[in-house]
Every structure is written in C-alpha cells, then in structure tokens.
Amino acid sequence: MLVVQSREARKFTADEIYALEVVAMVLAEMAELGAFVGEGAALSPLHQQSVLLRGGPAQEGSAEGHVWLHEPRVVVTNPIAEDPKRELERLSEAVDELRVGVDKMLEISQNGDKEQLEVLEAYRMFANSKGWMRRMEDDIASGLSAEAAVEMEQSQARARMEQVTDPYLRERLADLDDLSNRLLRILTGQGKTDSADLPPDPILIARNIGPGDLLEYGRSLKGIVLEEGSVGSHATIVARALAIPLVVHVGRITTEALNGDHILVDGDQGVVHLRPEETVVGAFRDKIAMQAKAQERYASIRETPTVTRDGTRIDLVMNAGLMADLPSLGNSGAEGVGLFRTELQFLIRNQMPKRSELVTQYQRVLDAAGDKRVVFRTLDIGSDKVLPYMKHVEEPNPALGWRAIRVGLDKRGVMRMQLQALIRAANGRPLTVMFPFVAQFEEFRQARWEVNKTIDREKRLGHALPETLEVGAMLETPSLAFAPQKFFDEVDFISIGGNDLKQFFFAADRENELVRRRYDSLNVSFLTFIERIVERCELSDTPLSFCGEDAGRPVEALCLAAMGIRTLSMRPASIGPVKSLLLRSNLQDVRKIISDARHRGEQSVRPAVMEWLRNQS
Ligand code: PEP
Ligand code: MG
C-alpha cells in the first residue's frame with residue numbers, strides 16, 4: 001500500500017492519482033524482486049514479512065510451531081532459459097510423466113466411486129489438453145524456462161478462478177492448479193519430502209485435507225490451518241477428536257507460507273500469525289502459559305464430583321466418535337460417554353465397514369470405558385455427513401432431508417447390521433443405544449421394534465444378550481418436544497441435540513456462516529423451550545441430557561443446569577472449564593437472574609448472567 005501525506009488538506013487531480021498509481025506499481029514490482037532487501041533496508045521481500053491472516057475457528061487451543069506444507073509450493077529459481085529447444089524437450093518429458101501418473105490413478109480407481117472416476121477423467125482431459133500445452137510452448141518460445149511457462153499458465157488459471165462463481169467450474173480450475181503443481185514438482189524435483197522431514201512442532205498447512213491423510217499425521221501435529229475446509233468437515237471432526245487447534249477458511253495461507261516458517265495458530269479467535277514479530281510471539285506465549293495453568297487447575301478437580309453450591313449434582317460426560325477419543329475418558333474426568341457418534345467411523349473410510357469390524361471397534365470402546373456408561377448413537381448420516389461410498393441423493397435442503405433415523409428406517413439392513421454389532425460387542429455387558437433425529441413418536445416406536453427384533457434374532461443365534469438395554473431418542477426437532485406423553489413414558493432416556501434443535505428452533509442453518517451466530521443460545525425463548533422439555537421429562541421421570549456444543553461452553557452449561565438439565569455431554573477438553581464454573585455457582589441464584597431477565601422482556605439472558613458472574617468473582 002502506498003500512503004501519501006501532504007501538509008495541507010487538498011484534493012488530488014485524476015492525473016496525480018494516475019501518476020501515484022504508476023509509482024505504487026513500480027515500487028511493488030521492485031519490492032517483489034527484492035530491491036529493498038539488505039543491510040538496513042526498510043522493506044523485506046515477499047515470504048519474509050510477518051503476516052496476520054484471519055479465518056474461522058474450528059477447534060480451539062493455541063499452538064506455536066513451524067510450517068509444514070501438505071503440498072509444498074515449488075520455487076522457480078530459473079525463470080529465463082537460453083535454449084528453448086531444450087526447454088521444450090524438458091516440458092514434453094515432464095508432461096509425459098504426468099500423464100502416466102494420472103493414468104495410473106485412474107487405473108487404481110476403476111472399481112471405485114463413479115463420481116471420483118468422473119473427476120479423474122476430467123483431470124486426464126486437462127493433462128492431455130492441446131490448448132494448455134500450446135500456451136506453455138508459446139511461453140517457452142518467448143524465452144521462459146519450462147518451469148516459468150508452467151507457472152505462468154498456473155497464475156492465469158488462478159486469476160480466472162477468482163472470477164468464476166460456479167462451484168463446478170471452480171473445482172475444475174482447482175484441478176488444473178493441482179496439475180500445474182505436479183508438473184512443477186516433476187520439473188524441479190522439489191517437494192518430494194515425506195513426513196520423516198517434519199520440522200519440530202509442525203503446523204500443517206493445506207488447501208484442504210481428507211480425514212485419512214490427517215489421521216496419518218495424527219498427534220504429531222501441533223496445529224492445522226486450512227485455506228478451505230469448514231466447521232463441519234471431516235477434517236474438522238478428526239482435528240477435534242485429536243484436540244489439535246484448527247483454523248479454517250484462511251485465504252492465501254498456502255501461497256504465503258513456506259516450509260519451516262515460524263507460525264502461531266490461535267484456534268479460539270481463528271487467527272494465524274505467520275513469521276510473527278517478537279512482541280506478538282511474547283504475548284502469544286503468555287496466553288499459552290495461562291491456558292496451561294488453567295489446565296493444571298482443571299486437573300486438580302478431575303476427580304471431584306460436580307456438585308453446585310446449592311447441592312445439585314450434575315453429571316459431566318463426554319462426546320466421542322473415534323478411537324482417538326478414548327484416552328480422554330480417563331484424562332478428562334468424564335463420567336462416561338454421553339454421545340458416541342458412530343457415523344464418524346463410517347465417514348473416515350472409503351468403503352462400508354463390515355459387521356465384524358464394527359463389533360471389534362465397539363468392543364474396544366466398551367473395554368476402554370470399563371464400567372462407565374457409553375451411549376451409542378446409531379448412524380447419523382445425511383445432511384452434512386455424506387458417506388463417500390453411498391449413493392448420493394441430491395437434495396434441495398439436506399439438513400431437512402433424508403438423514404439419520406429416516407435413512408435407518410428406510411434402509412433397515414444397515415440399521416440391523418449396526419444393532420447386531422452393538423449387541424455382539426456388549427457380549428453380556430450393559431448396552432445403551434440412542435436414535436438420532438427422531439421427529440415423531442412413531443419413528444421411535446419403529447426403531448425400538450427393530451431393536452427388539454434384533455435381540456430376538458441374536459438370542460436364537462446363541463449370542464449373549466446385554467445385561468441391561470436402554471433405548472433412547474435424541475430430541476433435535478421441536479416437534480418431538482410436543483409428542484404425546486406416552487412417548488416420554490416409553491422412551492428410556494432423551495438427549496437434546498442442541499446443535500440441530502437450535503438450528504430448527506431459529507430456522508438458522510448451523511453450517512451457514514451468515515446466520516450461524518445470529519441467535520444466542522441464551523435467548524429467552526430457547527431457554528424457555530428447554531425448560532418445557534425438562535418439565536415434560538420430569539412428569540414421566542425420563543432421564544434427560546444435553547449433548548450439543550453448548551453443553552461444553554461454561555456459561556451456556558450453567559444456564560442449562562439452571563433450567564433443570566442434570567447431564568451435560570461435551571468435548572473432553574470442555575469438562576474442566578464447565579466443572580470449574582459449576583462448582584462455584586448456586587443454581588438457584590442463576591435461575592432467579594434468568595427469570596428476572598425474562599420478566600424484564602430481555603431477548604437474551606447473557607448480559608444479566610455475565611454481570612452476575614463478574615460480581616461473583
Ligand atoms: C446435535 O445436533 O446437537 C448433536 C449432538 O448431533 P450432531 O452435532 O452430530 O448433529
Ligand atoms: Mg444432531
């Protein structure tokens with residue numbers, strides 16, 4: 001940016017502005033070429049300056065480390081070439097190698113998913129495109145090296161990509177970008193690193209990454225920054241399970257960062273500092289130290305039962321879904337697993353797991369839990385959770401579409417297989433099963449009927465039956481809160497899926513950044529609705545829990561407890577902060593604060609509760 005100051009306030013003429021724009025452009029080009037670098041220079045060249053980039057927080061926590069590019073950028077050091085004939089040969093050899101590579105990928109995927117094949121076919125089409133080749137040959141003829149010609153084509157494709165809004169075309173242009181990267185790697189021999197070269201405290205940087213690749217890196221990563229990604233993506237699910245700070249939607253990160261760069265990741269604020277200044281590093285380290293202190297404090301109350309000042313006992317349990325979650329059961333102080341999202345194990349694979357594989361997985365979960373209760377939620381697929389190996393149905397509104405128990409009841413084979421696997425894994429131990437997204441009593445009845453039938457079949461086959469069996473429902477649509485009382489009498493327990501319930505209560509898509517944060521969970525109407533559900537459950541003595549993200553936010557958890565929720569299920573890392581606040585609070589007081597705010601006609605009780613909390617400390 002060129003900043004111009006004048007002593008007197010004045011208007012610049014169009015000619016002056018044009019002249020300044022030319023000056024700015026020339027200076028920018030010179031800076032890019034490193035003209036101001038060196039002893040005492042005021043400017044540093046590209047890729048050496050510190051940069052602050054903003055994105056969306058996807059997994060909280062802070063991390064300091066060094067950049068590890070999932071697909072490293074190639075640096076072209078020889079932009080100009082003397083011998084165009086030689087360069088044309090180099091390009092042609094590299095393109096041949098690229099085509100062989102793409103053909104191999106196609107061959108491997110022949111039996112795979114149709115969509116994946118289509119993508120690869122398009123990819124091959126680009127690799128064989130005459131226009132692409134001709135443009136690069138023309139660039140070489142004008143004096144560029146083969147690498148520079150590829151890069152030139154790539155930057156033009158990127159410029160086109162910025163203007164295209166159609167998602168299909170954007171993806172195709174992204175393919176082209178990817179092909180150019182491969183070609184550059186072949187030409188320069190750069191980027192053939194493997195994870196043995198990981199820097200100390202690696203922070204992974206990628207445009208996007210699949211859950212499989214991420215699991216391969218595993219806990220060796222200190223943080224993750226994605227240029228794309230989304231809060232509900234599979235990579236996010238895995239990062240959460242591994243408790244690795246993650247920031248998504250960080251524009252430009254893959255072009256700005258170089259392998260080994262010093263980087264700070266703030267997963268709470270969704271901020272990334274690349275090549276940070278010393279003062280920023282100092283402040284950041286202070287923050288990490290404070291968080292570590294808080295963790296120590298939480299560890300000291302790990303075994304303390306959660307009893308509030310007024311003597312109310314609250315059960316804090318954890319959400320899980322991957323094997324990677326299991327060690328947290330002991331470390332976090334969770335009293336059990338309140339929500340085991342079984343679909344996660346289906347999502348991170350590229351083919352449907354076999355029943356025997358499921359039995360082994362569920363057995364391991366139950367073994368790890370010992371005598372702690374595990375609530376297995378049956379497959380919750382559809383909406384944002386799409387299984388790559390299941391036929392994808394295009395739906396206008398997937399969140400309101402064919403998902404969860406609706407798929408289960410229409411595809412009974414899969415539901416039965418999962419129920420059988422659960423019964424066999426329990427092998428005579430207690431078993432708790434929960435059906436997601438139940439919108440009306442009849443759906444629960446049918447699901448329960450399937451459970452009973454599966455039990456009968458397993459008995460006939462000579463398998464051990466669970467010592468006790470509880471069958472519950474998730475309350476995620478407002479309709480279920482108004483079900484006949486008989487539903488509340490028949491169901492063994494209910495868990496409020498606050499993430500979905502809130503999106504349907506306010507008609508605000510939980511995945512849509514434009515509206516996702518628009519309505520406060522401490523909105524009076526929402527809390528009143530929760531209170532009604534508590535009352536209905538009390539009438540029939542039906543155990544009730546809350547397992548959405550809000551259960552893990554201390555202030556929200558406090559208000560939910562004040563509304564009468566006695567079991568909160570959350571991410572393991574949230575148990576310490578939530579317990580710490582609950583131990584210090586009197587729920588009667590909080591209830592009064594909420595009720596007063598309600599009588600004053602306030603929209604959200606948050607300001608009143610926050611004020612009360614400030615006065616407490
Ligand atoms: C919920 O909706 O609150 C819930 C716990 O389920 P999920 O987030 O997996 O949809
Ligand atoms: Mg849900």
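Note that ligands are numbered from 1 as they come in the structure, with each ligand's atoms numbered from 1 the same way.
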Verify the ring-centre separation between Phe444 and Phe487: is it less than 6.0 angstrom?
yes
Cation-pi check, Arg373 to Phe493: give yes when NZ or CZ is under 6.0 Å from the six-membered ring centre and within 45° of the ring axis, no otherwise.
yes
Residue, atom name and distance, where the atom is the protein heavy atom closest to atom 2 (O) of ligand 1
Glu476 OE1, 2.8 Å
Do Arg377's NZ or CZ and the ring of Phe435 fall within the cation-pi criteria of under 6.0 Å and 45°?
no
Using a strict cut-off of less than 4.0 Å between a Lys/Arg side-chain nitrogen and an Asp/Glu carboxylate oxygen, indicate whether Arg516 and Asp509 qualify as a salt bridge.
no
May I ask you to check whether Phe441 and Phe482 place their ring centers less than 6.0 Å from one another?
no
Between Leu339 and ligand 1, is there a nitrogen or oxygen pair with a distance under 3.5 Å?
no
So, 4.0 Å and heavy atoms of Lys502: is ligand 1 close enough to count as a contact?
no
Which ligand 1 atoms, with their elements, are less than 4.0 angstrom from a heavy-atom of Arg510?
2 (O), 7 (P), 8 (O), 10 (O)
Which protein heavy atom lies closest to atom 6 (O) of ligand 1, and at what distance to 0.1 Å?
Arg377 NH1, 2.9 Å
Between Glu602 and Arg598, is there a side-chain N and carboxylate O pair less than 4.0 Å apart?
no
Among the N/O/S atoms of Asp500, which is closest to the Mg ion (ligand 2)? Give the atom name.
OD2
Hey, which N, O or S atom on Glu476 ends up closest to the Mg ion (ligand 2)?
OE1
